[in-house]
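Comments concern the structure below.
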Amino acid sequence: MFIECLERFLKAFTTVEPTVYNVAEYWFNKDPGRIRDMRVDTLSQMLNLGNIRPGGRYLAVDDVSGLMVTAILDRMGGEGRLITICDVDSPPAYPAMSQMNFSKEVTAVMASLNWATAEEEYIPGECIEVYL
(Lines give C-alpha, C1' and ligand atoms only; values in the text may rest on other atoms or scores of the structure.)
Protein backbone atom coordinates (compact mmCIF):
# COMPACT_ATOMS: atom_id res chain seq x y z
CA MET A 1 0.00 0.00 0.00
CA PHE A 2 2.81 2.43 0.93
CA ILE A 3 4.69 1.77 -2.34
CA GLU A 4 1.60 2.42 -4.46
CA CYS A 5 1.06 5.72 -2.67
CA LEU A 6 4.72 6.67 -3.07
CA GLU A 7 4.71 5.91 -6.83
CA ARG A 8 1.75 8.20 -7.31
CA PHE A 9 3.60 11.23 -5.87
CA LEU A 10 7.11 10.41 -7.02
CA LYS A 11 8.26 12.74 -9.79
CA ALA A 12 11.31 11.87 -11.86
CA PHE A 13 12.96 13.53 -14.81
CA THR A 14 15.94 12.98 -17.05
CA THR A 15 18.27 15.82 -17.97
CA VAL A 16 19.03 16.24 -21.65
CA GLU A 17 22.25 17.69 -23.04
CA PRO A 18 21.62 21.11 -24.64
CA THR A 19 22.61 20.43 -28.24
CA VAL A 20 21.38 22.38 -31.25
CA TYR A 21 19.34 19.34 -32.27
CA ASN A 22 17.64 19.08 -28.86
CA VAL A 23 16.95 22.81 -28.63
CA ALA A 24 15.54 22.92 -32.18
CA GLU A 25 13.32 19.90 -31.50
CA TYR A 26 12.12 21.47 -28.24
CA TRP A 27 11.12 24.74 -29.93
CA PHE A 28 9.55 22.94 -32.90
CA ASN A 29 7.37 20.84 -30.59
CA LYS A 30 6.59 23.66 -28.13
CA ASP A 31 5.92 26.63 -30.42
CA PRO A 32 6.73 26.05 -34.12
CA GLY A 33 5.47 29.49 -35.12
CA ARG A 34 8.11 31.15 -33.00
CA ILE A 35 10.87 29.54 -35.06
CA ARG A 36 8.92 29.96 -38.31
CA ASP A 37 8.24 26.19 -38.49
CA MET A 38 11.92 25.45 -39.09
CA ARG A 39 12.64 21.74 -38.69
CA VAL A 40 15.97 20.32 -37.58
CA ASP A 41 16.74 18.95 -41.04
CA THR A 42 16.15 22.37 -42.61
CA LEU A 43 18.46 24.00 -40.09
CA SER A 44 21.22 21.47 -40.78
CA GLN A 45 20.86 21.95 -44.55
CA MET A 46 21.19 25.72 -44.15
CA LEU A 47 24.36 25.28 -42.09
CA ASN A 48 25.82 22.89 -44.66
CA LEU A 49 24.94 25.11 -47.62
CA GLY A 50 26.43 28.10 -45.79
CA ASN A 51 29.64 26.09 -45.21
CA ILE A 52 29.64 27.07 -41.53
CA ARG A 53 32.92 25.99 -39.90
CA PRO A 54 35.37 27.14 -37.21
CA GLY A 55 37.43 30.18 -38.21
CA GLY A 56 34.93 31.48 -40.77
CA ARG A 57 33.46 34.96 -41.03
CA TYR A 58 29.67 35.12 -41.29
CA LEU A 59 26.80 37.58 -41.54
CA ALA A 60 23.40 36.41 -40.26
CA VAL A 61 19.86 37.75 -40.05
CA ASP A 62 17.93 35.65 -37.56
CA ASP A 63 14.15 35.76 -37.25
CA VAL A 64 13.78 32.32 -35.67
CA SER A 65 14.30 33.23 -31.98
CA GLY A 66 18.06 32.92 -32.21
CA LEU A 67 18.04 29.33 -33.42
CA MET A 68 20.15 30.10 -36.49
CA VAL A 69 22.65 32.22 -34.53
CA THR A 70 22.88 29.48 -31.90
CA ALA A 71 23.60 26.82 -34.54
CA ILE A 72 26.24 29.00 -36.22
CA LEU A 73 27.99 29.75 -32.92
CA ASP A 74 27.92 26.06 -32.01
CA ARG A 75 29.58 25.10 -35.30
CA MET A 76 32.15 27.90 -35.04
CA GLY A 77 33.28 26.76 -31.61
CA GLY A 78 34.59 30.19 -30.58
CA GLU A 79 36.78 30.70 -33.66
CA GLY A 80 36.06 33.26 -36.38
CA ARG A 81 33.56 36.15 -36.50
CA LEU A 82 29.76 36.37 -36.64
CA ILE A 83 27.88 39.61 -37.23
CA THR A 84 24.13 39.57 -36.76
CA ILE A 85 21.92 42.22 -38.33
CA CYS A 86 18.78 43.28 -36.49
CA ASP A 87 16.26 46.12 -36.39
CA VAL A 88 16.88 47.32 -32.81
CA ASP A 89 19.58 49.57 -31.32
CA SER A 90 20.48 47.22 -28.47
CA PRO A 91 21.84 43.71 -29.03
CA PRO A 92 18.91 41.39 -29.78
CA ALA A 93 17.67 38.79 -27.32
CA TYR A 94 18.06 35.31 -28.72
CA PRO A 95 16.02 32.98 -26.46
CA ALA A 96 17.36 29.78 -28.03
CA MET A 97 20.94 30.83 -27.30
CA SER A 98 20.27 31.09 -23.57
CA GLN A 99 19.40 27.39 -23.48
CA MET A 100 22.80 26.30 -24.79
CA ASN A 101 24.96 27.37 -21.82
CA PHE A 102 27.65 28.80 -24.11
CA SER A 103 30.90 29.93 -22.52
CA LYS A 104 32.11 33.53 -22.92
CA GLU A 105 34.69 32.35 -25.48
CA VAL A 106 31.98 31.01 -27.79
CA THR A 107 29.81 34.13 -27.67
CA ALA A 108 32.75 36.57 -27.83
CA VAL A 109 32.99 36.10 -31.61
CA MET A 110 29.50 37.61 -32.12
CA ALA A 111 28.55 41.27 -32.65
CA SER A 112 25.27 42.86 -33.73
CA LEU A 113 24.55 45.67 -36.16
CA ASN A 114 21.36 47.68 -36.62
CA TRP A 115 19.98 47.90 -40.17
CA ALA A 116 19.35 51.63 -39.78
CA THR A 117 23.03 52.46 -39.16
CA ALA A 118 23.67 51.95 -42.87
CA GLU A 119 21.61 55.08 -43.64
CA GLU A 120 23.43 58.43 -43.66
CA GLU A 121 20.57 60.21 -41.84
CA TYR A 122 20.53 57.74 -38.96
CA ILE A 123 20.67 59.21 -35.45
CA PRO A 124 20.83 56.66 -32.58
CA GLY A 125 17.76 56.65 -30.34
CA GLU A 126 15.67 58.84 -32.67
CA CYS A 127 12.12 57.69 -33.41
CA ILE A 128 11.28 57.24 -37.06
CA GLU A 129 7.77 58.13 -38.19
CA VAL A 130 6.17 55.77 -40.63
CA TYR A 131 3.38 56.93 -42.90
CA LEU A 132 1.10 54.36 -44.49
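Residues Tyr26 and Met100 fall within the same hydrophobic cluster, defined by Ile, Leu, Val, Met, Phe, Trp and Tyr side chains chained together at heavy-atom separations under 4.5 Å. Cluster annotation: Met68 and Val88 are assigned to distinct hydrophobic clusters (Ile/Leu/Val/Met/Phe/Trp/Tyr, side-chain heavy-atom contacts under 4.5 Å, transitive). Cluster annotation: Phe28 is connected to Tyr94 through the hydrophobic network of ILVMFWY side chains, with a link wherever side-chain heavy atoms come within less than 4.5 Å. In terms of hydrophobic clustering, with Ile, Leu, Val, Met, Phe, Trp and Tyr side chains grouped at heavy-atom distances under 4.5 Å, Leu47 and Met97 are assigned to a common cluster.
Using a 4.5 Å cut-off between side-chain heavy atoms of Ile, Leu, Val, Met, Phe, Trp and Tyr, Val61 falls into a hydrophobic cluster with Leu59, Ile83, Ile85, Leu113, Trp115.
No side-chain donor-acceptor contact under 3.5 Å links Thr42 to the backbone of Met38. Of the possible donor and acceptor atoms, one in the side chain of Tyr58 sits under 3.5 Å from a partner among the backbone N and O of Asn51.
Screening residues 29-54 for salt bridge (charged side-chain N to carboxylate O under 4.0 Å, His left out), with sequence neighbours left out, gives Arg36-Asp63, Arg39-Asp41. Listed by first and then second residue, the side chain to side chain donor-acceptor pair (under 3.5 Å) pairs involving residues 73-83 are Asn48-Arg75 (not counting sequence neighbours).
Here the closest non-hydrogen pair linking Asp62 and Val69 is OD2-N, 2.9 Å. Looking at every heavy atom in both residues, Val106 comes nearest to Val109 through O-CG2, 3.3 Å. Shortest non-hydrogen contact noted between Pro95 and Ser65 is CD-O, 3.3 Å.
With sequence neighbours excluded, no residue satisfies side-chain contact (heavy atoms from CB on, under 4.5 Å) with Ser98. The side-chain hydrogen bond (donor to acceptor under 3.5 Å, both in side chains) search around Gln45 returns none, not counting sequence neighbours. Residues passing the side-chain hydrogen bond (donor to acceptor under 3.5 Å, both in side chains) test with Ser103, sequence neighbours excluded: Glu105.
Going from atom CG of Leu73 over to atom CG of Leu82 covers 5.5 Å, rounded to the nearest 0.5 Å. In this structure, CD1 on Ile52 lies 12.5 Å from OG on Ser44, to the nearest 0.5 angstrom.
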Sequence neighbours left out, cut at 3.5 Å: what donor-acceptor pairs do the side chains of residues 16-24 make with other protein atoms?
| from | atom 1 | to | atom 2 | distance (Å) |
| --- | --- | --- | --- | --- |
| Thr19 | OG1 | Asn22 | N | 3.2 |
| Thr19 | OG1 | Asn22 | ND2 | 3.2 |
| Asn22 | ND2 | Glu17 | O | 2.6 |

